[in-house]
Amino acid sequence: MVSRVIPVDPFDLVIFGATGDLAQRKILPALFRRHCDGQLPQSARILGAARRDMLAAEFRDLVADGLHRGVPDADPDQIRSFLARLDYLALDATEDTDDTTQTTGWQALVDTLGSPQTDRVRVFYFSVGPSLFAPLAEQIWAHGLADTNTRIVVEKPFGHDLASARALNKTLASHFDEGQIYRIDHYLGKETVQNLMAVRFGNMLFEPLWNSQYIDHIQITVAEMVGVAGRESYYDRTGAMRDMMQNHLMQLLCLIAMEPPAKFDPDAVRDEKLKVIRALEPVEPHHIVRGQYVRPTGATSEDLTYRETVGAERSTTESYVALKAHISNWRWAGTPFYLRTGKRLVARSSVINVFFKDAPHSIFGADAGRHANLLTIRLQPDEGITLKVTIKEPGPGGMRLIDVPLDMSFAQALGDNIQNATDAYERLITDVIRGNQTLFMRGDEVEAAWAWTDPIIAGWGARGDVPKPYDSGSTGPGDADLLLRRDGRDWRGIKP
Ligand code: BG6
């Protein structure tokens, strides 16, 4: 079945930080692809804004370069017509808000946008460092640029800890309703992450077994091959716990563990996710492993260590983290969730493995062997689902059991529909324009996630804990293997 493209309502979208990496690599290409699919109405306007003084024509050249690089098969006519939608304004988020006499910066933005209109959605996308979120919200407010039909999109990281996330929520709430604030976690926009909900709640097969009675444990892995080059200073202040675990992995955990929401609507889904986060037990210090990548023995000096990459000889920031989490509720009591994420690992692979328990009794006797079911949900790359089932080994010689995979690669099953599936940013931006917050984090959700994360990070500081070294190109520190081995389990391999 071919999915339908339904145009969104007329909108003005202002991207703050429009010359930055995220805007150039993700946001503008996503808008371009929606433009090519005819989803953006004729009158939609996209306004780039950043501190850099440049003409609109120079900004269009910059975007064109990015599109040529990032969307290699882009049609030149489509690029031209997309660029015609773009405009640019230089402005400073921290400019004095009392000075309304200026004809540049914010005043020019006011002149360009005009007064808010009820039949036109206005979106301000904060693709800037977190220190500018509050000043931007203040400026928008002070210049009368917002009304009830205005939405703001806030990129991660949403705060550095609970206190800063709370302060930020408070500032935003003093100018905007919660229904106008779109906190992005781009993992929620990924096609296969949404598929988690379809698999769980669209099938009768899994949900009755989806609890600690039938599930032994669950592993969530987000492994990356990339390192931190290009974002050294941000990353060294942040680390894997804040950069990935507190948001992306936590969101995956919520979707896997939450109760079925009554309907697929923003608050129904977010209420259920929040309950999962609030039911998480504090993580015991010996249930968490931090790692930092080093050069493998024999590798050339071009293979930089984490510390060399960030230029900080004594950095104790983790580029890897693995932990065992417990959710204290009726459904999950006693089922461990093992989560791990790291950079410069052996392969890029985001995958969730659901290990079912052994059948309670083997009628075939001990010699036949036993194989528990395993459901593997591959989020990226090679999106798909595999269910391992037990069958009889073919041939004579009695009843011996083996497991075989029931394997579905979405690319094979769905062909072009999955190849052309919208990228996370395309989906999320159109959701903002449509006013659908289902795939965005609510303020209380983010705060609850920090409330769980903060004591873990504080504990490292208090104990003077330093990350364990692991070879780049490996599967992570050996201690992460021990974390499972102590429980008589093993990580499912990170597939190359
Ligand atoms: C970002 C993190 O949010 O997600 C990055 O800041 C990480 O460090 C990226 O590399 C991973 O996203 P994806 O879509 O490539 O899995």
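Note that ligands are numbered from 1 as they come in the structure, with each ligand's atoms numbered from 1 the same way.
To the nearest 0.5 Å, atom OH of residue Tyr187 and atom CG of residue Leu196 are 12.0 Å apart. Distance check, rounded to the nearest 0.5 Å: CE of Met197 to CG of Leu255 gives 5.0 Å. Between the NZ atom in Lys388 and the CG atom in Asn353 there is a gap of 9.5 Å [rounded to 0.5 Å].
Side chains of Thr475 and Leu345 form no contact here, defined as non-hydrogen atoms less than 4.5 Å apart.
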One line per pair, note the atom names and distance for all nitrogen or oxygen contacts under 3.5 Å between ligand 1 and the protein.
unit_1, atom_1, unit_2, atom_2, d
ligand 1, 3 (O), Lys156, NZ, 2.8
ligand 1, 3 (O), His248, NE2, 2.7
ligand 1, 4 (O), His248, NE2, 3.4
ligand 1, 6 (O), Lys156, NZ, 3.0
ligand 1, 6 (O), Arg231, NH2, 2.8
ligand 1, 6 (O), Asp243, OD1, 2.6
ligand 1, 6 (O), Asp243, OD2, 3.3
ligand 1, 8 (O), Arg231, NH1, 2.7
ligand 1, 8 (O), Asp243, OD2, 2.6
ligand 1, 8 (O), Lys343, NZ, 2.8
ligand 1, 10 (O), Glu224, OE1, 3.4
ligand 1, 10 (O), Glu224, OE2, 2.5
ligand 1, 10 (O), Lys343, NZ, 3.1
ligand 1, 12 (O), His186, NE2, 3.2
ligand 1, 14 (O), His186, NE2, 2.8
ligand 1, 14 (O), Lys190, NZ, 2.6
ligand 1, 16 (O), Tyr187, OH, 2.5
ligand 1, 16 (O), Gln380, NE2, 2.8

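A salt bridge is absent between Glu259 and Lys275: the closest approach of a Lys/Arg side-chain nitrogen to an acidic carboxylate oxygen does not fall below 4.0 angstrom. Look at Glu178 and Arg183 and you find a salt bridge, because one of the NZ, NE, NH1 or NH2 atoms lies within 4.0 Å of a carboxylate O, short of that distance.
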